[in-house]
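Here the structure comes first, spelled out in structure tokens, and everything after it is commentary.
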Amino acid sequence: MKSLFALVDCNNFYASCERLFRPDLEKKPIVVLSNNDGCVIARSDEAKALGIKMGAPMFLVEDLLKKEGVHIFSSNYELYGDLSFRVTETLRQFTPRVEVYSIDESFLDLSSFFFLNLKVYGQQIKNTVMQNIGLPVSVGISHTKTLAKLANRLSKKSEKAGGVLVLTEERHIDAALKITAVEDVWGVGRQYAKFFQAAGIYTAYDLKQAKDAWILKHGTVVMLRTVHELRGISCLDLELLPPDKKGICTSRSFGKPVTTLDALQEATANYAARCAKKLRKQKSCAKVLRVFVTTNKHADTLQYANSKEIVLPTASNSSLELIKYATKALNEIYKEGYLYKKSGVIATEIVPEKNIQFNLLDTTDHFKHHNLMEAIDEITQKLGKDAVKIARQGTNGKKDWHLRKAYQSPCYTTRLDQILTINI
DNA sequence: TCTGGGGTCCTAGGACCC
DNA sequence: TCTGGGGTCCTAGGACCC
């Protein structure tokens, strides 16, 4: 039986999420900015039509945005994460085999659905998500993930497809490959695209024709898989359960340059607490922490970047422990006299919570920590993530290191006060 | 004179993704 | 003034071992 995948992708996801609660912005240009309002990371169709590029730095396009009356939003991941979850739950009605690939994309395994009219099924998926959640999606269906991606991309471009494209027949697949530039193939990035073009490979169809030995000579097994997938040979299976992360990183650029150790400590403590929370979520602990700081590479100021790794006596996911060791590491690399732009905490050597090797010389009461963290997680789950904090994380007052979010929308779906506001 | 041929582990760096 | 933040996997090269 030939494999069959659907890729369901939310159109202009972040922009669509913002528009969902602002019906007055229908047909209006919208952009969503990255953390710190640094650059554009999502655009509505109308904003794309104005020539605003993905990743454009805000300071370069701000004038254009204002002149054109574009509606600007700082990113609101709490809102997007919640809507993403709702979309995924809706998709599970169509098959139990769903891989949540990213915040706005899911792969569905339709291998046992070959008897269905796939075009109709795809349209049902699209219509149901619109009806239940109010977000527009596109659906691409084909024999491999790479081809489903390609079908999805073309479904948005073709009037006739109307957001649903099925590529199961060889001649349709080849026609699609011929109108897809090689750099638009999933798995072909900038470097490979440049190399392929120099070798006379311009389209996905050209890449499909390349010889295996040639691909291996100039690329890796990863690229060979991509080429096989273009030929309809499925090499990438569905991942139903996300594998536990091997490294967990929390880092941010600061809203304003930070100079004092105190402010850096507060920021770093928050990132360490975030890492601890992510670890607890996947029921694992980290043995090693790395803390890094850096000044602003783009600024014409004195530069400094450094990092320090600390091995914990016992692998941990306690916010208290991670904050303690992160602070220790930070103190060792902090130097006075610099304008710091960013810091971060990376947790590695991650092991399941269940099989921690206890260290006889370690006097920390891990059982107590575990219970405390459970209590904190329960409270923050109910009352919001700022309801309880470790003292080192600081209070909620405006701090230099806090992200800049000049255009933030409310957390419409996850904050009690917001939900009440809507109902009144 | 001649300087093997497997392994493993680790790290840095590069490629890709959203 | 001002350019995001999180990941994954693979490869090459060095150290070390027998």
Side-chain angles (χ1 to χ4, degrees), chain A residues 7-10 12-14 31-42 52-63 65 72-77 80-81 84 99-107 145-146 149 152-153 182-196 215-226 229 235-236 239 242-257 267 270-271 274-275 277-278 281-282 288 290 292 294-301 307 309 339 341-350 400 403-406:
Chain A
L7 176 69
V8 182
D9 162 301
C10 298
N12 314 326
F13 183 54
Y14 298 167
V31 297
V32 178
L33 304 177
S34 66
N35 273 338
N36 267 323
D37 298 343
C39 56
V40 173
I41 53 168
I52 298 155
K53 295 274 181 289
M54 180 72 174
M58 181 59 168
F59 75 98
L60 285 181
V61 293
E62 194 160 11
D63 289 345
L65 296 181
I72 305 169
F73 293 91
S74 301
S75 39
N76 183 345
Y77 289 105
Y80 313 148
S84 168
E99 172 186 338
V100 181
Y101 175 67
S102 75
I103 194 163
D104 67 337
E105 288 173 59
S106 290
F107 284 104
K145 282 181 162 182
T146 305
K149 268 273 201 187
N152 181 291
R153 186 176 166 280
V182 72
E183 67 261 35
D184 293 326
V185 173
W186 188 44
V188 177
R190 276 228 301 281
Q191 299 306 316
Y192 272 114
K194 228 172 18 186
F195 177 77
F196 287 147
I215 295 289
L216 273 183
K217 188 173 164 211
H218 299 102
T220 68
V221 293
V222 179
M223 184 50 63
L224 187 62
R225 273 204 289 268
T226 295
E229 286 240 324
C235 307
L236 304 167
E239 285 179 19
D244 279 351
K245 303 211 185 315
K246 293 167 183 164
I248 286 180
C249 169
T250 305
S251 76
R252 297 282 183 277
S253 298
F254 306 131
K256 289 182 196 152
N270 277 279
Y271 306 152
R274 247 338 258 140
C275 283
K277 175 105 193 218
K278 291 179 191 172
K281 195 169 173 203
Q282 67 169 45
V288 173
R290 178 177 286 276
F292 66 87
T294 156
T295 50
N296 186 353
K297 276 179 294 198
H298 303 289
D300 192 18
T301 50
S307 74
E309 195 170 271
L339 297 170
K341 177 63 181 167
K342 183 177 184 176
S343 80
V345 177
I346 305 166
T348 51
E349 309 243 340
I350 292 172
D400 281 350
L403 291 178
R404 190 173 22 218
K405 288 187 179 190

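All chains are named by letter (A, B, ...) in the order of the sequence lines, taking the proteins before the strands, and each is independently numbered beginning at 1.
Side chain of Thr146(A) to backbone of Thr226(A): no donor-acceptor contact under 3.5 angstrom is found. Looking only at distances, no side-chain donor or acceptor of Asp104(A) sits under 3.5 Å from a matching main-chain atom of Asp9(A). Checked by atom type and distance alone, the side chain of Glu239(A) never pairs as donor or acceptor with a backbone atom of Glu99(A) at under 3.5 Å. In this structure a side-chain-to-backbone donor-acceptor pair under 3.5 Å is missing from Lys405(A) to Asn76(A). A donor-acceptor pair under 3.5 Å links the side-chain atoms of Ser75(A) to the main chain of Leu33(A), judged by distance alone.
If you take atom P in dT3(B) and the same atom in dC17(C), they sit 24 Å apart, rounded to whole Å. Taking atom C1' in both dG4(B) and dC16(C), one finds a spacing of 16 Å when rounded to whole Å.
Side-chain nitrogen and oxygen atoms of Lys342(A) include none within less than 4.0 Å of the OP1 or OP2 phosphate oxygen of dG4(C). Look at Ser253(A) and you'll find a side-chain N or O under 4.0 angstrom from OP1 or OP2 of dG5(C). Residue Ser251(A) has no polar side-chain atom (N or O) positioned under 4.0 Å from OP1 or OP2 of dG4(C). A close approach under 4.0 Å does occur between a side-chain nitrogen or oxygen of Arg252(A) and OP1 or OP2 of dG6(C).
One can place NZ of Lys256(A) at 12 Å from P of dC2(C), the figure rounded to the nearest angstrom. Per the geometry, OH belonging to Tyr77(A) stands 11 Å off P belonging to dG4(C), to the nearest Å. Atom-to-atom, CG of Leu60(A) to P of dT1(C) comes out at 14 Å; the value is rounded to the nearest Å. As a whole-Å value, the separation of Met54(A) CE from dG5(C) P is 14 Å. We find that CG of Asn36(A) is positioned 11 Å from C1' of dT3(C), with the value rounded to whole Å. What separates OH of Tyr80(A) from P of dG6(C) is a distance of 16 Å, to the nearest Å. With rounding to whole Å, Asp300(A) atom CG is found 10 Å from dT1(C) atom P. dC2(C) atom P lies 14 Å from atom CZ of Phe254(A), rounded to whole Å.
With sequence neighbours excluded, the residues satisfying salt bridge (Lys or Arg N to Asp or Glu O under 4.0 Å) with Arg153(A) are Asp184(A).
Taking only side-chain atoms of Ile248(A), from C-beta outward, the nucleotide of dG5(C), dG7(C), dG4(C) with the closest atom is dG7(C). Of all nucleotides listed (dG6(C), dT3(C), dG4(C)), dT3(C) comes nearest to the side chain of Lys341(A). For Phe59(A), taking side-chain heavy atoms from C-beta onward, the closest of the listed nucleotides dG7(C), dC2(C), dG4(C) is dC2(C).
When heavy atoms are screened at a 4.0 angstrom cut-off, Lys246(A) is found touching the sugar-phosphate backbone but no base atom. Across all strands, Gly247(A) comes closer than 4.0 Å only to sugar-phosphate atoms, never to a base (heavy-atom distances). Thr250(A) comes within 4.0 angstrom of sugar-phosphate atoms only, judged by non-hydrogen atoms across all strands, and of no base. Across all strands shown, Arg274(A) has no heavy atoms under 4.0 Å from either base or sugar-phosphate atoms. Lys297(A) comes within contact range of no nucleotide atom at all, as no heavy-atom separation falls under 4.0 Å.
Residue Lys256(A) places its NZ atom among 12 or fewer non-hydrogen atoms of other residues, nucleotides or ligands, all under 6.0 Å distant. Shown here is Arg252(A), whose CZ atom has more than 12 heavy atoms of other residues, nucleotides or ligands within 6.0 Å.
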Inset, instruction - Let me have a per-nucleotide readout for nucleotides 8-18 of chain B, 5' to 3', with B, S or -, counting only protein heavy atoms under 4.0 Å. - result: -------SSSS
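Considering Arg404(A), Lys342(A), Met58(A) as possible partners of Asn36(A), the one that fulfils the side-chain contact (heavy atoms from CB on, under 4.5 Å) test is Arg404(A).
Take the nearest nucleotide of DNA chain C for Ile41(A) and for Asp244(A): the residue whose nucleotide is more 5' is Ile41(A). When each of Pro257(A) and Val221(A) is assigned the nucleotide of DNA chain C with its nearest heavy atom, Pro257(A) is the one assigned upstream, toward the 5' end.
Rounded to 10°, the angle separating the first-five-pair axis and the last-five-pair axis of the helix from dG5(B)-dC18(C) to dC18(B)-dG5(C) equals 20°.
The aromatic rings of Tyr77(A) and Tyr80(A) sit perpendicular to each other, their planes meeting at more than 60°, with 30° as the lower class boundary. Relative orientation of the His218(A) and Phe195(A) rings is tilted, given thresholds of 30° and 60° on the angle between their planes.
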